[in-house]
Protein chains: 2
Amino acid sequence: MQMDERKRKILRAIVMDYIATAEPIGSRTIARKFDLGVSPATIRNEMADLEDLGFIEQPYTSAGRIPSDAGYRYFVDCLMDPQALSEEDKETIERESTKRIHEIQEVISHTSKLLSELTNLTSLVLGPHKGKSTFGKMHFLPYQPGQVIMVLVKENGVVENHIIDIAENLTAEELQHVAGVFNQKMRGFSLGQVKRSLLHEIYSELSRQRQLIDSTMDRLRAVLDDDEEEERIYLGGTLNMLNQPEFRDLGKVKTLFKVFEENESLKKLLHPHQEGLNVTIGGENILKEFWDCSVISSTYKVNGLTIGAVGVIGPTRMDYANVIAIVDFMTRSLTEVLTRGRPRGY
Amino acid sequence: MQMDERKRKILRAIVMDYIATAEPIGSRTIARKFDLGVSPATIRNEMADLEDLGFIEQPYTSAGRIPSDAGYRYFVDCLMDPQALSEEDKETIERESTKRIHEIQEVISHTSKLLSELTNLTSLVLGPHKGKSTFGKMHFLPYQPGQVIMVLVKENGVVENHIIDIAENLTAEELQHVAGVFNQKMRGFSLGQVKRSLLHEIYSELSRQRQLIDSTMDRLRAVLDDDEEEERIYLGGTLNMLNQPEFRDLGKVKTLFKVFEENESLKKLLHPHQEGLNVTIGGENILKEFWDCSVISSTYKVNGLTIGAVGVIGPTRMDYANVIAIVDFMTRSLTEVLTRGRPRGY
DNA sequence: TGTTAGCACTCATCAAGGGAGAGTGCTAAC
DNA sequence: GTTAGCACTCTCCCTTGATGAGTGCTAACA
């Protein structure tokens, strides 16, 4: 059996009506609401075909039909009118993104908030991944008796400071010497790469400062290793989920919110299968908790390099055309803001 | 009418049973479960009196009775056996608090998590307020052409770093000189206190670095001012609320979670009326969204100075004795950890 | 006088039953 | 190929009635 124009029209009508009303729709109602020029009986026959094709299903005998995952997929791929963003939304995004913001965290959380407000869904934003963080340069500064500040400048430009305990009798010159050796030997290395031989070199050059080296290395190890996976994820508008009729059930809400609390799982939802815009529908999601949700996501870039992703999650019954337009525009805007403004922190 | 010993016993039975079961309890059941040595009929008479006194109420005619806010209050003030913390919980807290943690944020969020796990309720922790943050010391470190790192050590020990744009032709010596002047003139001042005369002094001593001073001052102003109100609040175990039978209603959950999203309101719940432990029951809460919740909170200190608060929020039907023991022990432990360990960041 | 047993009454909860309504599939006519 | 007609199915919602827990009142009891 093949899809013909009339089947397409009917499927389109079913999907659009269900998106709007969240109620199963029957042949009679379709005939009344949409002007297809055929009788309910004809529509019934076509609907039986559509069900055989797997595009629609009945929640129970003699209820109306609702789209299946495959139906949504066909709708998104073939039937949907690509919708332009409303002028109003466009203005909102542009207005919000011209605010000058210094920290990347702020940009991200702001994006997340905006996205959930525009879509009335839950937004996810994956912060920029920082690549392997490698040693750039370090300095010691005096702090308190027995402690110094280690200022670490990574090669990607991030600056951090850490307090380190030291022996009280170390002089400023000795500290500077140690920092000098570290800077000379370690530039460009990530901690994973620090080979035993290098460590030996450092130890032998600084035989007297063994304790300082140890605590410095300890801290560096923690910092440089941690970072690799420190892609924070930002959630916004989780409460919007509660407005969706499909989550009137408390059990569902609970499992959903439980996943929201685990960052690791959420990242999986966003990790894009390909660059650019992705639509993942229902059972296509990796996590079974989200088998009745769809995720629209897209990647953002800095200087042509993909560094993170933003997405929106909602019930499979979502307004795909609209949400896709919003997510798409949003990533473009974010890419532009980041490339132009270059806030700190990545 | 007066409370006598028998009335007290009956009220105690009602509160304790309702805390355990969340079901209204009737005279017959009380007689069966609790060994009071009187018949259901007698208990009925006493219950009528307790209702007149306002300590218990009926959800509807011929249901059992449940405690009113006043009933809980009387229970907490007069009837409850002050309960010692279970050895198990005590050990957990002590074990967790001996983990060496460097950042205050970690200590706080860890506390919050622990608290919600032990009580199965939602925890609130108000981070330390930092008082006015005052200038301690600063250093400039090289960063990139046209930019330097300003490392700022506040008098309370917090270390921050900020990137500042400078003219490219400044030498290291000049920078060091500028920092030296700042350090000499500004130690102990908050930005609000920097008087015009002081500024003049700095300008006149460093007439050639006007631009650097301006951008440094700008940044300092932003940093030191911001801090005063930055009391972050930490929430833990919000999902635990969903396990409480009183929140089986989605509408309630929604209003509750909405408040959870607004930090400002939450702070109101915690801001203690008095030092030490506070129990706020139902309608005693300021926010009407929490009129069927109780808050147990307590303040924690560093070196005898109160700097923050921790609390637990749950339905009025909570195990007061146990939760009070946990919150109390937790603040003592936190106070000790902070005073002894002095983590960075406050 | 305080305590108890007995009794009529109230109200929520639950299961069963019975339209009403929406929708379907099939068949036969157009 | 399209349509009208019809029997059938299933959910939803309302009613009904039984059950059970609990109450207040009254009268008897120690």
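Here the structure is a predicted model, which means the values were calculated and not measured. Keep in mind that the numbers below use all heavy atoms, side chains included, and drop hydrogens, waters and symmetry copies. So you know, we letter chains A, B, ... as the sequences are listed, proteins then strands, and number each from 1.
A salt bridge links B:Asp328 with B:Arg332: the closest approach of a Lys/Arg side-chain nitrogen to an acidic carboxylate oxygen falls below 4.0 angstrom.
For B:Arg32 and D:dG20, the CZ to P distance is 14 Å, given to the nearest whole Å. Between the P atom of D:dT2 and the CD atom of A:Glu46 lies a distance of 7 Å, rounded to the nearest Å. Note: CG (A:Asp49) to C1' (C:dT24) measures 14 Å, nearest angstrom. If you measure from atom CD1 of A:Ile43 to atom C1' of C:dA22, you get 15 Å, rounded to the nearest angstrom. Residue B:Leu50 contributes atom CG, which lies 15 Å from atom C1' of D:dT23 at whole-angstrom precision.
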Please list each protein N or O that sits under 3.5 Å from an N or O in nucleotides 28-30 of chain C, with the distance.
none

Distances for protein N or O near nucleotides 25-30 of chain D N or O, under 3.5 Å:
none

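The bend of the helix from C:dT1-D:dA30 to C:dC30-D:dG1, defined by the angle between the axes of its first five and last five pairs, stands at 10° to the nearest 10°.
Other residues, nucleotides and ligands contribute only 12 or fewer heavy atoms inside 6.0 Å of the CZ atom of A:Arg28. Shown here is A:Lys113, whose NZ atom has no more than 12 heavy atoms of other residues, nucleotides or ligands within 6.0 Å. More than 12 non-hydrogen atoms from other residues, nucleotides or ligands lie less than 6.0 angstrom from CG of B:Asp249. Within a 6.0 Å sphere centred on CD of A:Glu88, other residues, nucleotides and ligands contribute 12 heavy atoms or fewer. For CG of B:Asp77, the number of neighbouring non-hydrogen atoms (other residues, nucleotides, ligands) closer than 6.0 Å is greater than 12.
The main-chain N or O of A:Gln274 is found under 3.5 Å from a side-chain atom of A:Asn278 such that the two form a donor-acceptor pair. A donor-acceptor pair under 3.5 Å is formed between the side chain of A:Ser68 and the backbone N or O of A:Gly54. No donor-acceptor pair under 3.5 Å is formed between the side chain of A:Thr42 and the backbone N or O of A:Val38.
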**Request:** Kindly determine whether A:Ser112 and A:Ser123 satisfy side chain to side chain donor-acceptor pair (under 3.5 Å), including the steps that lead there.
**Result:** CA-CA 6 Å; A:Ser112 156; A:Ser123 66; 3.1 Å; yes

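Under the side-chain hydrogen bond (donor to acceptor under 3.5 Å, both in side chains) criterion, B:Asp4 pairs with no residue at all, not counting sequence neighbours.
Contacts between residues 10-27 of chain A and DNA chain C, defined by a heavy-atom separation under 4.0 Å, are made by A:Gly26, A:Ser27. Within residues 54-70 of chain B, the residues that have a heavy atom under 4.0 Å from DNA chain C are, in order of number, B:Tyr60, B:Thr61, B:Ser62.
Using a 4.5 Å heavy-atom cutoff, the side chains of A:Ile93 and A:Leu85 are in contact. The shortest distance between side-chain heavy atoms of B:Lys254 and A:Asn243 falls below 4.5 Å.
Checking A:Arg317 against A:Tyr72 by side-chain atom types alone, no donor-acceptor pair falls below 3.5 Å. Side chains of B:Ser294 and B:Thr316: a donor-acceptor N/O pair is absent below 3.5 angstrom, by distance only.
Taking all atoms of both residues into account, the shortest heavy-atom contact from B:Leu50 to B:Leu11 is CD1-N, 4.0 Å.
DNA chain C is contacted by both B:Pro40 and A:Arg28; B:Pro40 maps to the nucleotide lying nearer its 5′ end (nearest heavy atom per residue).
Set against D:dG22, C:dT24, C:dT3, the side chain of A:Met47 has C:dT24 as its closest nucleotide.
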